[in-house]
Amino acid sequence: MSSTVVAGKDVLDKPLKLLFPVWVVISLLIVLFPVYLVFMVSVAPGSALFGERPALFVEDPTLRFWNDILQRGDLWGPLFKSLAVASFTTLLAIVIAAPAAYVISRLPVGLRYGVVIGLLVTRMFPEFTIGVSVATRFARLGLIDTYGGLVLAHLIGSLPFIAWILVGTFETIPRDLEEAAQIDGASKMGTLLRVVFPLAAGGIAVASLFVWLYSWNEFLYARLLTTNQNTLPLQVFQAIDRGSRQQMATVAAVLTLPILLVVYFLQRYLKPGALAGAVKG
Amino acid sequence: MSRSQEAAIGRPTDVAVPRVGFGRWFRKHKLEVALVIPLVAYVMVLTVVPILDTFRISLSGRAGNSFPSAQNYTSIFASRVFRTAIKNTIIVSLLSLSMELVLGMIVALTLHAKFFARGFVRTVALIPLGVPTIVSGAIMLLLFSRSGYLNSLMFVFVDLVNNIPGVNLEFQALSWTVAGGWRTLFTVAVADMWKVLPIVTLIFLAGLQSISEDVYEAASVDGATKWQRFMRITLPLLVPFITMAIILRAIDAFRIYELALVLAGRIEPVLGTYIGGRYLPPTNDPFTAASASIVLFGIIMIFIVAYLKFVAGRSRSA
Amino acid sequence: MADIALESVTRKFPDGTLAVNELNLEIAEGEFVVLVGPSGSGKSTALRMIAGLEEITSGTVKIAGKVVNDLPPRDRDIAMVFQNYALYPHMSVADNMGFALKLRKVPKEDIAKRVKDAAELLGIEDYLQRKPRQLSGGQRQRVAMGRAIVREPAAFLMDEPLSNLDAKLRVQMRTEIAGLHQRLGTTTVYVTHDQVEAVTMADRVAVLRDGMLQQVDTPQRLYDYPVNLFVAGFIGSPAMNMVPARVTSKDSGAVVVFGSHEIKIPAKRLQASKLEEFKDKEVILGIRPEDFEDPDLIPERQEENLLEVKVSLSETLGSETIIYFDVDAPAVLTKDTMDLSSDASVEEAAASEPRNESTFTARLNPKTKARGGEAARLAVDASRLYFFDPTTGRVIG
Ligand SMILES: Nc1ncnc2c1ncn2[C@@H]1O[C@H](COP(=O)(O)OP(=O)(O)O)[C@@H](O)[C@H]1O
Ligand SMILES: [Mg+2]
């Protein structure tokens, strides 16, 4: 190689070394500034927001908008609906998907991958392709504006995903343990309840947090299936549509706060595969 | 199958083994079957059937008795709004996809390097994942509108630069979102990118961590520069991860809805907002919505197949 | 306690693998039977059919006289120790051991007492509150044993329970398990691929190959009277020397010739067997390493049967000396001998040009002067020669 370059040292070294800290700070700002904005605007007095050059800092923060939404009470309905739907979706998703995922994890390899890929393919369809039919039918069945209807819809997206994650979890539990339990006198069901599921508890917990997150954030099905009782994301949208900036920011902050906490606790489980299914752009 | 054939199969001969085996298999695996049935039934009733049903709706005429008919498809393709929506969807998707890949790679490389407070930076980098999509839409409105904070930041920057003697920059406040055209689409793409950058970064980071240090050491002993190492070693070894990122992200990018709804609204429709707009009041037109959603699925499929065939396939054989 | 009987038991896997083929085996009440054979010979499959973990394709398995083919494991009253122990990771040692009793609704105090007794027996009473991952390999092995013992089952089934332990611990646990069996007297079926383990522990050993039972007998009789080349080569360490040979008559009586060597066959040995029929035909001669000796160290010399050899290597072990020497006759390469060797070099050797040379092993009194690189004379105990039919591999006797 006709190189003027000595190993380990090259033209890129100097600029990289200088720019690296600058770049890290800039990228931190890119991530943090938008989040800061939500909380900042939610406490900004009206005067601070206008003009071509709105202030980047609030000098006289006000809790007026927080007080407003808390007292006016139109936050509680959506908050409660979002909480209830996310929680029931999670519960049902586990009850339906965990036993099935166990069985799938015990299939012969070829069949197992076939089933898992089949589950993932359902997620390639746009929600609208499923949702147009589902919403039309739900309307006929009187499921619009009900918690049940939205839970059913959120399960469509959650089940394949959680089943997929849990198949991975169950695959890590050695079959020997099930055989040992059978020899010890457990029935098939007993083996599942006393050995397999307790061992999968960690994986199930993580997967259910993902499902909870998905349902809490979900917007499209909620919009198709709602006419008057909003979920929180719909409430944010309504505020965007016709509220003031501060109202919008305040509801957005309410929606965001619990999730930042969940993500913080989930971060060590944030594996690319899981994410791709759990969080969508 | 005739009755006599069935009887013959029922007899315990060698041929009959698989059939007799099935009954026994079923009796032995009753529990397993019971455990999968709810999931299978759910996916059938609430995913497979609706997909087929939407397909049926898309082929149904408004008059009712003209199934199957391509009328819905001909009328949407005749609509200029729909064609714009397709064009915009593709532009936004490709734009956000390419920005995500480039930036995701840079951020992943950054987080892969060892530096002070890397753990903290990694945690912070994940934050956008925790921000609901609709909220990130709201944020982008705050940033990009006429009296938005991007303008504020630009003014701060320009003022800083103008402190340098002899420099005199002018900056005009811009409205990005309602401008229409490229600027609006760009806003949507940036919003999408901000939201999903952590996913792409994590995928690439997993890829980088899967490359053994030895390879780099061997390369630098051979005298490769950083850039050469990146182009000749890192990138080729990351191909499977890049493919994964592209496919996963493309599926979602083409389906973009909330961000486009908030940021582009009716000014620049994408397929998601077009479908939603037709289906929801006041239009209430499930036929158009159904056929447009099938077209959207078709676009996703074409993209994935084409990508796997031309790009991923070729780089594997190279 | 119970007896176990396998009658023509066969297991054919869906992919066509015939893992166990027409296995007949009776295990008496209280007996310690070891299934031994090379890896893949169907030992685990056979054991798992007794346990009820593997479907029985045909044949019957009886426990205590009752056909159990269609009973699930929990109704067979057997306990099993797995190769990698299969301890429940989420339960403490005590809960692991008491799990079966809890499922049987045994009162809590009884469980606690039985767990404590078993733990004392195994010396693990200090670890009862720990989780399996906090234990060493040896301790885990004991817990697995304890889990079986607590049950007081009709039979113990053990699948290579010691193979994950280091060599020293393995020897120690070997004696402990044998001691436990003596104390409890529970019928035990024990699977291993290690013939030393098999012969040191078993009342009777069943040798399997390719899913087929070769021979069942006491360790001593297996050693003395192997039915074929495979068993002869499998039992005994170092392994029996085997070489193609020819039996012919000479003036002085019958001799067996291999390469340039010759050994006189005692008249009694010839008359007592069918060896006559093989006169002047090819046979395979087997000599156990133990049946060589340094002629100077035999107290009362008898009829001379000496081999002149050149020692290529000697290993002094203190209690004995092992020497290796080459014999100018080809190695025996039949299916039997190849099955014995897990390493591919044998098959390679079979594929390549046959070399007219094979290596013998002899186990000598440590006082011998034989050293590597030197010539030596070896006495052979001609009364203990083995002859095999080269076409069938069966012993000629
Ligand atoms: N589930 C299975 N499916 C197909 N073949 C199997 C299965 N389990 C074991 N076998 C095959 O059956 C034979 C005997 O296996 P095994 O009983 O485990 O042998 P061993 O315990 O003696 O090593 C081997 O050839 C093995 O590959
Ligand atoms: Mg085995």
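Letters A, B, ... are given to chains in the order of the sequence lines, protein chains preceding strands, and every chain is numbered from 1.
- Using a 4.5 Å cut-off between heavy atoms, A:Trp23 contacts chain B through its side chain alone, with no backbone atom that close.
- A:Ile96 touches chain B through backbone and side chain together, each having a heavy atom under 4.5 Å away.
- Residue A:Arg106: no heavy atom, backbone or side chain, is found under 4.5 Å from chain B.
- The ring of B:Phe204 has its center no closer than 6.0 angstrom to the ring center of B:Phe241.
- Across B:Ile57, B:Val131, B:Leu153, the residue that shares the most heavy-atom pairs under 4.5 angstrom with chain A is B:Leu153.
- Annotation: the span from B:Thr273 atom OG1 to B:Leu263 atom CG amounts to 11.0 Å, rounded to 0.5 Å.
- For the options B:Ala125, B:Gly272, B:Ala289, heavy-atom pairs under 4.5 Å to chain A are most numerous at B:Gly272.
- Counting heavy-atom pairs closer than 4.5 Å to chain A, the top-ranked of the candidates B:Leu261, B:Ile127, B:Val200, B:Leu296 is B:Leu261.
- Of all heavy-atom pairs between A:Tyr221 and A:Gly131, the closest is CE2-CA, 3.8 Å.
- Under 3.5 Å, the side chains of B:Thr225 and B:Gln228 contain a donor-acceptor pair of N or O atoms.
- Neither the backbone nor the side chain of B:Met193 comes within contact range of chain A, judged by heavy atoms closer than 4.5 Å.
- Only the side chain of A:Met248 comes within less than 4.5 Å of a heavy atom of chain B; its backbone N, CA, C and O stay farther away.
- Not counting sequence neighbours, the partners of B:Phe297 by the ring pair (Phe, Tyr, Trp, His ring centres under 6.0 Å) test are A:Phe125.
- Options A:Gly118, A:Pro126, A:Pro21, A:Ala252 differ in how many heavy-atom pairs under 4.5 Å they form with chain B, and the most are formed by A:Pro126.
- With a threshold of 4.5 angstrom between heavy atoms, B:Ile251 approaches chain A through side-chain atoms but not through N, CA, C or O.
- Heavy atoms closer than 4.5 Å to chain B are found nowhere in A:Leu257, neither backbone nor side chain.
- When heavy atoms are compared at a cutoff of 4.5 Å, B:Ile300 approaches chain A solely by way of its side chain, counted from C-beta outward.
- The candidate with the highest count of non-hydrogen atom pairs below 4.5 Å against chain B, out of A:Leu192, A:Leu37, A:Val236, A:Leu224, is A:Leu37.
- A:Val31 and B:Pro128 make their closest contact through CG1-CD, 3.7 Å (heavy atoms, listed as atom of the first residue, atom of the second, distance).
- When all heavy atoms of A:Leu225 and A:Ala153 are compared, the pair lying nearest together is CD1-CB, 3.5 Å.
- Electrostatic pairing of B:Asp192 and B:Arg249 counts as a salt bridge here, judged by a charged N lying under 4.0 Å from a carboxylate O.
- Across every non-hydrogen atom of A:Val41 and A:Arg245, the tightest pair is CG1-O, 3.9 Å.
- Using the six-membered ring where Trp is involved, A:Phe197 and A:Phe170 have ring planes that are tilted, between 30° and 60° apart.
- Heavy atoms closer than 4.5 Å to chain B are found in both the backbone and the side chain of A:Thr129.
- Between B:Thr89 and B:Leu271, the closest heavy-atom pair is OG1-N, 2.8 Å.
- Looking at A:Leu255, the atoms closer than 4.5 Å to chain B (heavy atoms on both sides) sit in the backbone and in the side chain alike.
- For B:Phe254, no part lies near chain A; criterion is any non-hydrogen pair under 4.5 Å.
- Between chain B and the options A:Asp241, A:Thr122, A:Leu155, heavy-atom pairs under 4.5 Å are most frequent for A:Leu155.
- Heavy atoms closer than 4.5 Å to chain B are found in the side chain of A:Phe138, but not in its backbone.
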Report task. Begin from the C-alpha positions of A:Thr136 and B:Tyr279 and carry the test side chain to side chain donor-acceptor pair (under 3.5 Å) through to its verdict. Result -> CA-CA 10 Å; A:Thr136 314; B:Tyr279 182 82; 3.3 Å; yes
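- Of the listed residues (A:Ala253, A:Pro99, A:Pro160), the one with the most heavy-atom contacts under 4.5 Å to chain B is A:Pro99.
- Neither the backbone nor the side chain of A:Ala98 comes within contact range of chain B; no heavy atom of the residue lies under 4.5 Å from a heavy atom of that chain.
- Counting heavy-atom pairs closer than 4.5 Å to chain B, the top-ranked of the candidates A:Ala163, A:Ala249, A:Ala135 is A:Ala135.
- Residue contact with chain B, scored on non-hydrogen atoms closer than 4.5 Å, is absent for A:Leu232.
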Residues 32-45 of chain B side chain polar contacts: donor-acceptor under 3.5 Å, at least two apart:
| from | atom 1 | to | atom 2 | distance (Å) |
| --- | --- | --- | --- | --- |
| B:Glu32 | OE1 | A:Lys188 | NZ | 3.2 |
| B:Glu32 | OE2 | A:Lys188 | NZ | 3.2 |
| B:Tyr42 | OH | A:Leu152 | O | 2.4 |

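- Contacts of A:Val24 with chain B are made by side-chain atoms alone, with heavy-atom separations under 4.5 Å and no backbone atom involved.
- Ion pair B:Arg56/B:Asp53 flagged as a salt bridge, since at least one NZ, NE, NH1 or NH2 atom sits closer than 4.0 Å to an Asp/Glu carboxylate oxygen.
- Both the backbone and the side chain of B:Leu46 come within less than 4.5 Å of a heavy atom in chain A.
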